Amino acid sequence: MAGLFDKQADFYLDARPTYPTHWYSMLAALTPHHSLAWDVGTGNGQAAIAVAEHYEQVIGTDVSEGQLKLAMPHPHVQYLHTPLSITDDELVALIGGENSVDLVTVAQAVHWFDLPKFYSLVTHLLRKPGGVIAVWGYNDIVVSPIFDPIMKRFHNTTLPYWNPNIQYIFDAYKTLPFPFESVGLGCEGKPQLLDIPKELSFEGFLRMLMSWSAVITAKDQGIDLLSESVVKEFENAWGGPKLIRSVIYKGFMLVGKVKL
């Protein structure tokens, strides 16, 4: 999976929606201490930098070196490459040791993880009591009544090319295992639904689609899902290539603490 995200890195840098700043204030209010946060699958560092407004130190980790090369620097954020070969004990020591982390965040990435392994790491690392884990993602984008059915049809063409784990995203994390005690912001089986507004250009929209792993996988197999005719249909429904639109990404979040 790391190699796939290395291929995506250039597109991915500006393809993600910007998560609302009040999300991070909301999460910070849940933890009594604000010394150390761990942003996992940090990618370009968007979430890590926002978390750093509330925590003294943030460690952003990723299995993809390509993503980390594009990560945005911040004086309170340290980016670390964590290859799949790293042991659990090494990773715990690297982050800060047992019972050291106040907040763990995972933005649009936890569905790719080895969940039992990751949740075991989180349980070791989170400060007890008081530490919190928050995972979130997004799936649909709402643009307009004309555009949205075209997007739905395009999405259907990508289905054969996704990794099976993407089903968690399609299900808005309703089926994602999450063995943590609820703190009032979603719980296993019942994620908190959240809208993510964004001003988006047509070029930005296309770059988002080009960053999809299914589109890249199909292209590697000689199939161009974003053909000229598909792009033109999107462009016409968007209202032209120069139009900036107010769109809504449909987000969802699960937040919890270690069960004592």
Side-chain angles (χ1 to χ4, degrees), residues 1-2 5 19 23-43 45-65 67-68 71 73-137 165 168 173 176-188 191-192 253-260:
M1 194 59 66
F5 287 107
Y19 306 117
W23 286 17
Y24 302 101
S25 303
M26 182 174 64
L27 295 174
L30 295 172
T31 68
H33 304 281
H34 299 88
S35 299
L36 178 62
W38 177 29
D39 186 49
V40 198
T42 198
Q46 181 201 140
I49 285 174
V51 170
E53 296 301 310
H54 303 276
Y55 291 81
E56 293 170 21
Q57 183 188 8
V58 179
I59 296 175
T61 63
D62 209 295
V63 298
S64 167
E65 288 186 280
Q67 293 273 5
L68 289 174
H74 187 284
H76 298 296
V77 179
Q78 179 184 12
Y79 295 111
L80 298 172
H81 179 229
T82 49
L84 294 175
S85 58
I86 195 170
T87 69
D88 289 359
D89 288 344
E90 287 170 337
L91 189 53
V92 168
L94 187 68
I95 301 304
E98 296 230 4
N99 212 41
S100 64
V101 176
D102 299 304
L103 177 67
V104 175
T105 53
V106 192
Q108 193 72 357
V110 76
H111 47 281
W112 302 124
F113 294 177
D114 177 336
L115 292 174
K117 176 185 172 77
F118 173 62
Y119 289 151
S120 174
L121 284 167
V122 169
T123 300
H124 284 293
L125 280 163
L126 274 182
R127 191 192 291 261
K128 293 170 282 292
V132 165
I133 174 174
V135 304
W136 66 85
N165 283 31
Y168 289 132
Y173 282 2
L176 183 81
F178 194 70
F180 297 95
E181 185 179 331
S182 174
V183 294
L185 278 173
C187 61
E188 188 174 63
Q192 180 78 39
M253 180 181 285
L254 293 165
V255 186
K257 61 184 180 180
V258 175
K259 295 175 181 176
L260 300 176

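What you see is a predicted model, and the numbers here were worked out from it, not measured in a lab. Side chains are part of it too, since the values below use all heavy atoms of this structure and drop only hydrogens, waters and symmetry mates.
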So which heavy atom on G130 is nearest to which on P32, and how close? O-CD, 3.5 Å
Using every non-hydrogen atom in the two residues, find where A48 and T42 come nearest and quote the distance to one decimal. CB-OG1, 3.6 Å
Between CD1 of I133 and CG of L27, what distance do you get to the nearest 0.5 Å? 11.0 Å
Check the pair L176, L115 against side chain to side chain contact (heavy atoms under 4.5 Å, CB included), reporting the backbone distance first and the verdict last. CA-CA 9 Å; L176 183 81; L115 292 174; 3.8 Å; yes
For A47 and A107, work out which heavy atoms get closest and say how close. CB-CB, 4.2 Å
Straight-line distance of Y79 OH to H74 NE2, nearest 0.5 Å: 8.5 Å
Contact check, side chains of Y168 and V110, non-hydrogen atoms, under 4.5 Å: no
Donor-acceptor contact present, side-chain D102 to main-chain G131, <3.5 Å: no
Rounded at 0.5 Å granularity, tell me how far OG in S64 sits from NE2 in H81. 7.0 Å
Any side-chain to backbone donor/acceptor pair from E188 onto F178? Under 3.5 Å, distance only. yes
Assess the residue pair L36 and L103 against the criterion (side chain to side chain contact (heavy atoms under 4.5 Å, CB included)); give the C-alpha distance rounded to whole Å, side-chain angles, the decisive distance to 0.1 Å, and a yes or no. CA-CA 7 Å; L36 178 62; L103 177 67; over 6 Å; no
Is there side-chain contact between V135 and F113, with at least one heavy-atom pair below 4.5 Å? no
With the side chain counted from C-beta on, respond yes when M253 and Y173 share a heavy-atom pair under 4.5 Å apart, and no when they do not. no
From the options T61, D62, I59, select the one residue that forms a side chain to side chain contact (heavy atoms under 4.5 Å, CB included) with T82. T61
Do K128 and V258 have side chains that approach each other closer than 4.5 Å (heavy atoms only, starting at C-beta)? yes
Check whether any side-chain heavy atom of S35 lies under 4.5 Å from a side-chain heavy atom of R127, and answer yes or no. yes
Just by distance, with hydrogens left out, do T105 and W38 show a side-chain donor and acceptor under 3.5 Å apart? no
Check for me whether the distance between the ring centres of F180 and Y119 falls short of 6.0 Å. yes
As a quick check of understanding, evaluate side chain to side chain contact (heavy atoms under 4.5 Å, CB included) for V104 and L125, giving each step before the final call. CA-CA 9 Å; V104 175; L125 280 163; 5.6 Å; no
Less than 4.5 Å apart, any side-chain heavy atom of L91 and any of L121? yes
Proximity of W136 and Y19 rings by center, below 6.0 Å: yes
Donor-acceptor pair, distance only, cut-off 3.5 Å: does the side chain of H76 make one with the backbone of V58? no
Which heavy-atom pair separates P73 from I49 by the least distance, and what is that distance? O-CD1, 4.2 Å
I need the minimum non-hydrogen distance between L254 and G186, along with the two atoms involved. CD2-C, 4.1 Å
Measure the shortest side-chain to side-chain distance between L260 and P129 over non-hydrogen atoms and say whether it is less than 4.5 angstrom. yes
Can you pull the side chain to side chain donor-acceptor pair (under 3.5 Å) pairs that have at least one residue in residues 88-99, sequence neighbours excluded? T87-E90, D88-K117, E98-H124
Would you mind reporting whether L30 and L185 have side-chain heavy atoms less than 4.5 Å apart? yes
Applying side chain to side chain donor-acceptor pair (under 3.5 Å), which residue pairs with at least one partner in residues 51-60 are found, sequence neighbours left out? T31-Y55
D39: partners by salt bridge (Lys or Arg N to Asp or Glu O under 4.0 Å), with sequence neighbours left out: none
Heavy-atom closest contact (G184 atom, S182 atom, distance): N-OG, 3.1 Å
